[in-house]
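This report concerns only the one structure given below.
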Amino acid sequence: MDGRITSITGSRVHPLTDGFICAKVRDFPQRVYGPDRLLHPMRRAGPKGSGCFERVSWDEAVGEIARKFAVILERRGGEAILPFFYGGSNGLLTQGTTDERLFRSIGASRLARTVCAAPTGAVTDALYGKMASVDLPDFALARFIIVWGANPKHSNIHLMPYLKAAREAGGRVALIDPRRTMSGQYVDMHLPVFPGTDGAVALAMIGHLERAGAVDRAFLEQHTVGWEKLLERARSWTLERAAARARVEARDIAAIAEAFAAADPALVRCGWGLERNRNGESSVAAVLALPAVAGKFGKPGGGYALSSSPGYGVDEERLIGVPEANTRVVNMNRLGRALLEETDPPIEALFVYNANPVVTVPDQNRIVRGLEREDLFTVVFDQVMTDTALYADIALPATTFLEHTELSISYGTYAVMLADPVIEPAGEAKPNEEVFGLIMKRMGIEDRGPRGENLLKEALAAISGPLTTGEGAFGRDGGARLERLRRDRLLTFDFPGPRPVQFGTVFPNLPRGRADLWPAALGPDPYDILDDPASGRHPLALISPATDRTISSTLGEFNHEDVRVEMHPDDAASRRLREGQDVRVHNDLGEVRVRLRINAGLRPGVIYLPKGIWNRHTKNGRVGTALVPDTISAVSGGACFNDARVEVGPA
Ligand SMILES: Nc1nc2c(c(=O)[nH]1)N[C@H]1C(S)=C(S)[C@@H](COP(=O)(O)OP(=O)(O)OC[C@H]3O[C@@H](n4cnc5c(=O)[nH]c(N)nc54)[C@H](O)[C@@H]3O)O[C@H]1N2
Ligand SMILES: Nc1nc2c(c(=O)[nH]1)N[C@H]1C(S)=C(S)[C@@H](COP(=O)(O)OP(=O)(O)OC[C@H]3O[C@@H](n4cnc5c(=O)[nH]c(N)nc54)[C@H](O)[C@@H]3O)O[C@H]1N2
Ligand SMILES: [Mo]
């Protein structure tokens, strides 16, 4: 515990990692010991955003937060306080525990956590009711895989060996993405759809399969409802109509549909890229309906893969222990508007933790204007001095996963892992659980929920689905689970069997175990597709997906890559732009100044900026989210990062 981290590598305990992790996490010591690390609490000592702070003690910092909160509660009520949190380290202990206890106890505004996975989550629940998703190793069994709006090479490297194995065994892979993200080593077919048009393409595939007599009616009749209406809707999307919408060739849509129908087993890897627009829900719904229509369920290597989370539930209420109050809900994708426009009551305090909204949430300039409000009290609790922390009135230092205990369940596969700390916290950094406990105590709020070791046991007990060890399944007792976890370092699930087989061993948690292909939860028309989900008058679609350099914005502080906007050669030529030139990417919301890279792997009409860069990475201190509208998807209020429309000119 008193040592220093010298290297980090993948565990051999987990068969998926098997000693192999990505380069950015291997470099995590640079975050722990780097110059951007927050080492002690700080109070603002200059204009907001200036980065001028003075050191204060934990006692002073917590005292000031408690005092300010008390004044706001007295004057305006709890809804004037907004907690803002998202990814963090994605564990079970760093959110949804003492943090929620604090904010529920004071009746704070509630946050709709929609920046990611809101459309995919709403659609999987509605169509397939929490059915478990195909696990990564079973990809190796598939004879045809559609990688649809996902970029596993960057965002899910542990899938890559199985994709490769599938191809080595004679299977084929199709990629549906505006960019060619994988080479011929991994991919046989590529359909470079225009962003936001996937629903049209998937419905056209379904219509094509019906005309070709490749619809599995027996499966639809036995295991689904609503399929007649879906087929009827799909008939209106001819290959030609969808091809015109997606700006691709009709025959290429047909070829992928035919190959998918002919292969056995076949599966769709649906990612998150296609949800990030105002057609998010209808796109994901149509894509996920495809394996049902083609009858691809019922065997290993067939069906669909998306988040694994629906496959195991976590009863978060049990960990929070304070009932949820019916207070105002603020959609996190409209943070800037909430800070500037809410009046009933206005937001007077913002507490940011596990998130870096200045660079990760739509409409950056509006967020910054909100954070600049002199009458706003902002607390930012993070591991490093992020672009958001620069706007804090009080900045608090957080521990990393190497310095605190964390229980994690991935959303990519099925396993529960326990990480105990391996080093002492840097400086005065503290874990989330402790800090929210300190604030509650100072505010005189009694904390009746589980803490420490008891919280760990409760968290394990809160996971539904049978956890197993090498010896098989055992009960839901948190203590017994913790004992096994301490011994084995890893708990897996029994579906039954090590991996779920959709419509084999796992079924939709919906009436009669059937999929609902026309679910009311998605509105009167689940497959409604807007002609143009974007807003604004500019011609180029800006996408900003995950990269191999950061995890959202995490680790961006030391991955000082040469950030560039990427553009197809034709788009560059028509604008007379050259490789390496300084350019200005702009629309009515803002601008980003960076250098240009010409990339023939992008489709014309679509440009790219990386997700998760920091303000310091561009010439004008603004990132891609400065160009992203804060419009939201219709059903789930999801973020529309890829609805940004821009123009590019010389700087
Ligand atoms: N290295 C790394 N790994 C990560 C992350 C990270 O930041 N870095 N983030 C994690 C998180 S939070 C998430 S949610 C996942 C996300 O992982 P992915 O599911 O891979 O999602 P994205 O990176 O948003 O986009 C995936 C692909 O969709 C394409 N795309 C964009 N718009 C569209 C569209 O309208 N239709 C189609 N068909 N394709 C489109 C993009 O070009 C991109 O190649 O990755 C996780 N893993
Ligand atoms: N342009 C663009 N932007 C995007 C997207 C996109 O497609 N395009 N996609 C988005 C996606 S998929 C997601 S999921 C969101 C994620 O958005 P965010 O949740 O803002 O993700 P991060 O940037 O990783 O910020 C997490 C922060 O939590 C801090 N942290 C980590 N562990 C702890 C802890 O234990 N305690 C505390 N207090 N802090 C901790 C990290 O240091 C980091 O600063 O970003 C979205 N942003
Ligand atoms: Mo995400």
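The figures here come from the full heavy-atom set of this structure, side chains too, leaving out hydrogens, waters and symmetry mates. Counting begins at 1 with the first residue of the sequence. Order of appearance sets the numbers: ligands from 1, and atoms from 1 within every ligand.
Those atoms of ligand 2 that come under 4.0 Å of a heavy atom in Ser89, given as number and element, are 31 (C), 32 (N), 35 (O). Less than 4.0 angstrom separates some heavy atom of Pro195 from each of these atoms of ligand 1: 34 (C), 35 (O). Shown in contact with Gly87 at under 4.0 Å from a heavy atom are these atoms of ligand 2, numbered in order with element: 19 (O).
Among all non-hydrogen protein atoms, the one lying nearest atom 44 (O) of ligand 2 is Asp382 OD2, 2.6 Å. For atom 6 (C) of ligand 2, the closest heavy atom belonging to the protein is Ser544 O, 3.3 Å. Distance from atom 13 (C) of ligand 2 to its nearest protein heavy atom, with residue and atom name: Ser552 OG, 3.7 Å.
For the pair Pro178 and ligand 1, a heavy-atom separation below 4.0 Å is found. Ligand 2 does not have Glu406 within reach: every non-hydrogen atom of the residue lies 4.0 Å or more from it. Residue contact annotation: Lys24 has a non-hydrogen atom under 4.0 Å from ligand 1. Within the 4.0 Å heavy-atom shell around ligand 1 one does not find Thr554. The shortest heavy-atom distance from Tyr411 to ligand 1 is under 4.0 Å.
Aromatic pair Phe351/Phe436: centroids less than 6.0 angstrom apart. For Phe641 and Trp272, the gap between ring centers reaches or exceeds 6.0 Å. For Tyr353 and Phe84, the gap between ring centers reaches or exceeds 6.0 Å.
Considering both main-chain and side-chain atoms, Asn356 comes within under 3.5 Å of ligand 2 through a nitrogen or oxygen pair.
With no hydrogens or angles considered, no side-chain donor-acceptor pair links Arg645 and Asn587 at under 3.5 Å.
Relative to atom 27 (C) of ligand 1, the option among Asp177, Ile551, Val606 with the closest non-hydrogen atom is Asp177. The heavy atom nearest to atom 18 (P) of ligand 1, considering only Gly271, Gly412, Ser155, is found in Ser155.
Of all the heavy atoms of Asn432, the ones lying under 4.0 Å from any atom of ligand 2 belong exclusively to the side chain.
A salt bridge links Glu433 with Arg451: the distance from a Lys NZ or Arg NE/NH1/NH2 to an Asp or Glu carboxylate oxygen falls below 4.0 Å.
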Go through Leu288 and Val123 one step at a time and tell me if the side chain to side chain contact (heavy atoms under 4.5 Å, CB included) criterion holds. CA-CA 9 Å; Leu288 291 189; Val123 170; 4.2 Å; yes
